[in-house]
Amino acid sequence: MFVHPDEDTRADGGFRGERDVLAGYLRDQRITLELKCAGLDAEALARRSVEPSDLSLLGLVRHLAGVGQYWFRQVMAGQDVRRHYRSETEPAGEFTGAAADPALVADAWATWRAEVAFAERLVAQAPGMDVTGDCGGEPTELREVLVHMIEEYARHNGHADLLRERIDGRVGQ
């Protein structure tokens, strides 16, 4: 187990109301990502799954920071910001640039936490789940973004399960 059930901060349900349900399940998925990465050094976090894949736990943290930035800052808040870790010449930079460097790991977690905090504030301050943002000229409701983010984290937490098991044999939760 990653954490003793008495110390698990995930709520695993029990939410009431649309905003709390969506935000609560997303929060639990984010905590799960942190659990999958807990206790690993830079080398382990940057370890690739299998050749030729660039998939690593560190890459997932960087990727999810970028996904959060896109959906909450760019689509929902309308901010014109430079994407984290990506560029025209390096479109998968969040994965290809994930190296076994403690400074890169610290940056990835700081970036991820900043994007999570921004998203949580945006959701908490939104007048309702039907607030829309602009996704390539199409209106997109906040509720859809939250559902998408839950799906995004759930998929990548499955990847994180397999990566962590390959690193040190830890499984589950």
Side-chain angles (χ1 to χ4, degrees), residues 1-15 21-74 81-121 123 145-173:
M1 283 193 178
F2 282 92
V3 64
H4 188 277
D6 294 341
E7 298 169 5
D8 193 341
T9 61
R10 294 172 295 180
D12 196 28
F15 307 110
V21 167
L22 295 173
Y25 275 97
L26 180 53
R27 179 183 173 275
D28 282 354
Q29 290 294 324
R30 288 170 171 151
I31 292 169
T32 299
L33 176 68
E34 289 181 294
L35 290 172
K36 303 293 178 192
C37 297
L40 296 176
D41 63 13
E43 182 179 326
L45 286 168
R47 188 170 301 147
R48 303 298 199 252
S49 57
V50 291
E51 292 295 332
S53 175
D54 287 325
L55 190 64
S56 67
L57 289 169
L58 179 57
L60 289 175
V61 172
R62 290 161 52 105
H63 173 70
L64 290 165
V67 170
Q69 177 196 40
Y70 172 75
W71 285 105
F72 293 105
R73 286 191 193 272
Q74 292 183 265
V81 294
R82 185 171 100 40
R83 293 292 302 271
H84 299 303
Y85 313 115
R86 285 186 179 191
S87 68
E88 285 189 27
T89 59
E90 199 60 55
E94 65 263 54
F95 293 107
T96 59
D101 177 345
L104 286 177
V105 171
D107 172 74
W109 282 115
T111 301
W112 180 80
R113 286 188 177 94
E115 294 305 332
V116 167
F118 179 86
E120 288 177 342
R121 280 190 309 274
V123 171
V145 171
L146 288 166
V147 169
H148 173 73
M149 291 300 295
I150 292 165
E151 180 273 334
E152 184 86 14
Y153 271 88
R155 180 171 12 103
H156 290 312
N157 280 337
H159 297 138
D161 271 338
L162 297 172
L163 289 162
R164 183 64 189 249
E165 184 175 6
R166 190 159 195 274
I167 291 166
D168 65 6
R170 289 177 81 181
V171 297
Q173 284 182 298

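Remember, it's a predicted structure, so these values are computed and weren't measured experimentally. These values consider heavy atoms only, across backbone and side chains, with no hydrogens, waters or symmetry-generated copies.
Between L33 atom CG and L60 atom CG the span is 7.0 Å, to the nearest 0.5 Å. Note that SG of C37 and CG of L45 are 5.5 Å apart. Values are rounded to the nearest 0.5 Å. Once rounded to the nearest 0.5 Å, the distance linking CZ of R27 with OG1 of T32 reads 10.0 Å. If you take CD1 on I167 and OG on S56, they are separated by 8.5 Å, rounding to the nearest 0.5 Å. Here the straight-line distance linking atom CZ of R48 with atom CG of D54 works out to 5.0 Å at 0.5 Å rounding. Between atom CG of residue N157 and atom CG of residue L64 there is a gap of 7.5 Å, rounded to the nearest 0.5 Å.
Taking 4.5 Å as the limit, every side-chain heavy atom of V67 sits out of range of all side-chain heavy atoms of Y153. Residues F72 and L146 have side chains in contact (heavy-atom distance under 4.5 Å, counting atoms from C-beta outward). With a 4.5 Å cut-off on side-chain heavy atoms, R30 and W112 count as touching. Side-chain atoms of R83 and Q74, non-hydrogen and from C-beta on, do get closer than 4.5 Å to each other. Side-chain contact between R121 and F118 is present, with heavy atoms from C-beta onward closer than 4.5 Å. A heavy-atom distance below 4.5 Å is not found between the side chains of Y85 and L104.
Panel note: side chain R86, backbone E94; no donor-acceptor pair is recorded below 3.5 Å. A donor-acceptor contact shorter than 3.5 Å is absent between the side chain of R170 and the backbone of R164. A distance-only check finds a donor-acceptor pair linking the side chain of D41 to the backbone of A44 [under 3.5 Å]. Put simply, the side chain of R73 never gets that close to the backbone of W71: no donor and acceptor are under 3.5 Å apart. With R62 contributing its side chain and G93 its backbone, the two residues share a donor-acceptor pair below 3.5 Å. Checked by atom type and distance alone, the side chain of Q69 pairs as donor or acceptor with a backbone atom of R82 at under 3.5 Å.
In this structure, A106 has no side-chain contact (heavy atoms from CB on, under 4.5 Å) partners at least two apart in sequence or on a different chain. The salt bridge (charged side-chain N to carboxylate O under 4.0 Å, His left out) test applied to R113 returns E34, not counting sequence neighbours.
Heavy-atom minimum distance, A100 versus A46: N-CB, 3.5 Å.
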CA sep, side-chain torsions, deciding dist, call: V105, L40, side-chain contact (heavy atoms from CB on, under 4.5 Å): CA-CA 10 Å; V105 171; L40 296 176; over 6 Å; no
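Classification of the H156-H63 ring pair by plane angle, with boundaries at 30° and 60°, yields perpendicular.
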